Protein chains: 2
Amino acid sequence: MTDPQPAHEIEAVFRQKGIPFTRQRRQIWDFFAGADRAATITEAADALRGEGVGQATVYRTVQLLSDLGLLARVQDGRGEICFIAPPIGHSHPLICGVCRRVVRFDGDGDVAELEARLAEATGFAIYGHHLEIYGICPSCRAAKEGDHGE
Amino acid sequence: MTDPQPAHEIEAVFRQKGIPFTRQRRQIWDFFAGADRAATITEAADALRGEGVGQATVYRTVQLLSDLGLLARVQDGRGEICFIAPPIGHSHPLICGVCRRVVRFDGDGDVAELEARLAEATGFAIYGHHLEIYGICPSCRAAKEGDHGE
DNA sequence: ACTCCAGTTGAGAACGGTTCTCAACAGTGT
DNA sequence: ACACTGTTGAGAACCGTTCTCAACTGGAGT
Ligand SMILES: [Mn+2]
Ligand SMILES: [Mn+2]
Ligand SMILES: [Zn+2]
Ligand SMILES: [Zn+2]
């Protein structure tokens with residue numbers, strides 16, 4: 001439940017919509033799906049530069065995957081915009097502010113009541129939310145304590 | 001409780017830290033505090049261009065105010081990065097995806113239990129969160145229905 | 001197999017938001 | 001008045017992102 005969708009399932013989504021799933025698109029998907037932490041577009045472009053994927057294609061494909069709901073945009077501890085391949089279904093990221101490792105969770109139960117109260121109180125028609133939680137992962141905590149100094 | 005802090009209270013924060021509260025910094029604060037909706041840095045720079053505030057100063061000051069926790073970064077319906085002057089105390093934004101009007105609320109009660117569960121389950125040391133809720137405000141909804149078409 | 005064709009790709013140019021430079025300026029203390 | 005420190009802003013530089021357009025790809029039709 002925390003593993004991202006394999007490429008062949010993504011390919012099915014593409015086919016169903018009549019969108020070609022090219023070699024480059026697979027490589028870009030694999031880059032994000034294979035990472036256990038959030039990555040920036042620049043990092044993806046750099047990693048795939050030597051693999052026969054142009055940077056324009058990386059930008060275009062990240063945009064495409066985001067539009068299809070197959071990539072989620074988050075921000076790391078320093079406010080950098082990163083992307084992650086979410087697992088099947090709806091979830092939210094718990095992000096390590098140091099190494100950007102991501103653990104997904106489902107927090108909708110907690111937010112649903114809140115949204116109902118807000119809709120009632122404000123008259124807004126609520127259509128979405130954005131919830132990220134930040135922390136320091138166990139291994140980064142250990143590394144920090146090993147660090148002599150604060 | 002939903003009004004932003006007046007400039008003289010901000011000035012007190014600056015003084016207490018020994019940071020000059022210049023004319024330009026006041027103008028930039030007033031721009032964000034006076035708006036009832038999220039605004040981009042570019043919009044602030046454009047609005048203050050003729051008022052004797054350079055764009056470099058706008059960027060520097062938004063950075064400074066954010067560092068001091070006096071401005072919050074959010075994103076609008078199209079993913080644009082905007083800033084808002086939060087009211088006294090901790091809160092979260094409910095943002096209209098059409099006009100970017102912002103209503104603040106306190107959702108920490110709902111998130112606290114979730115965070116405790118996550119800390120327990122993952123071993124992360126949680127230090128913060130980012131929660132935004134998106135909707136369409138009553139007036140934009142009315143405008144949309146008045147619109148003939150979907 | 002050959003052609004057709006709409007969609008995709010990538011090198012490089014263009015673009016535009018953000019940051020940097022540095023000389024002028026403002027404020028404070030002596 | 002003077003020195004000193006921090007701020008400001010016009011313009012240049014920077015760099016991440018988007019655009020251009022010719023070459024390419026792959027599927028459909030014949
Ligand atoms: Mn959710
Ligand atoms: Mn909160
Ligand atoms: Zn970590
Ligand atoms: Zn609205």
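Values in this document were obtained by computation on a predicted structure and should not be read as measured data. Side chains included, hydrogens not; waters and symmetry mates left out as well; all remaining heavy atoms used. Below, chain A is the first sequence line, B the second, and so on; all start at residue 1.
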Rounding to a whole Å, what distance do you find between [X]:[atom1] and [N]:[atom2]?
X: A:Phe21; N: D:dT25; atom1: CZ; atom2: P; value: 19 Å
X: A:Glu11; N: D:dG26; atom1: CD; atom2: P; value: 13 Å
X: A:Asp46; N: D:dC15; atom1: CG; atom2: C1'; value: 13 Å
X: B:Arg26; N: D:dT8; atom1: CZ; atom2: C1'; value: 17 Å
X: A:Ile19; N: D:dG27; atom1: CD1; atom2: P; value: 15 Å

| query | Charged N to carboxylate O under 4.0 angstrom, A:Glu43 versus A:Arg100? | reply |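 Yes.
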
| said: With a 4.0 Å cut-off on N to O distance, would you call B:Arg15 and B:Glu11 a salt bridge? | reply: yes

| request: Verify whether one side chain among A:Asp108 and A:His90 offers a donor that lies under 3.5 Å from an acceptor in the other. | output: yes

| query | Would you say A:Arg26's side chain and A:Ala7's backbone share a donor-acceptor pair under 3.5 angstrom? | reply |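 Answer holds: no.
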
| said: Run A:Ser139 and A:Arg101 through side chain to side chain donor-acceptor pair (under 3.5 Å) and show every step you take. | reply: CA-CA 10 Å; A:Ser139 65; A:Arg101 196 187 327 266; 3.0 Å; yes

| field | Listed once per pair and sorted, the side chain to side chain donor-acceptor pair (under 3.5 Å) pairs that draw on residues 115-124 of chain A, sequence neighbours left out | value | A:Glu115-A:His129, A:Arg117-B:Asp110

| task | Go through residues 64-72 of chain A and report each residue with a non-hydrogen atom lying under 4.0 Å from DNA chain C, sorted by number. | result |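 Here the set is empty: none.
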
| query | Could you run down nucleotides 9-24 of chain C 5' to 3' and tag each one B, S or - for protein heavy-atom contact under 4.0 Å? | reply | BBB-----SBBB----

| Shared ILVMFWY cluster between A:Ile126 and B:Val98, side chains joined below 4.5 angstrom? | no

| field | Shared hydrophobic cluster, A:Leu131 / A:Tyr127 (ILVMFWY, side-chain heavy atoms < 4.5 Å) | value |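 A:Leu131 does not cluster with A:Tyr127.
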
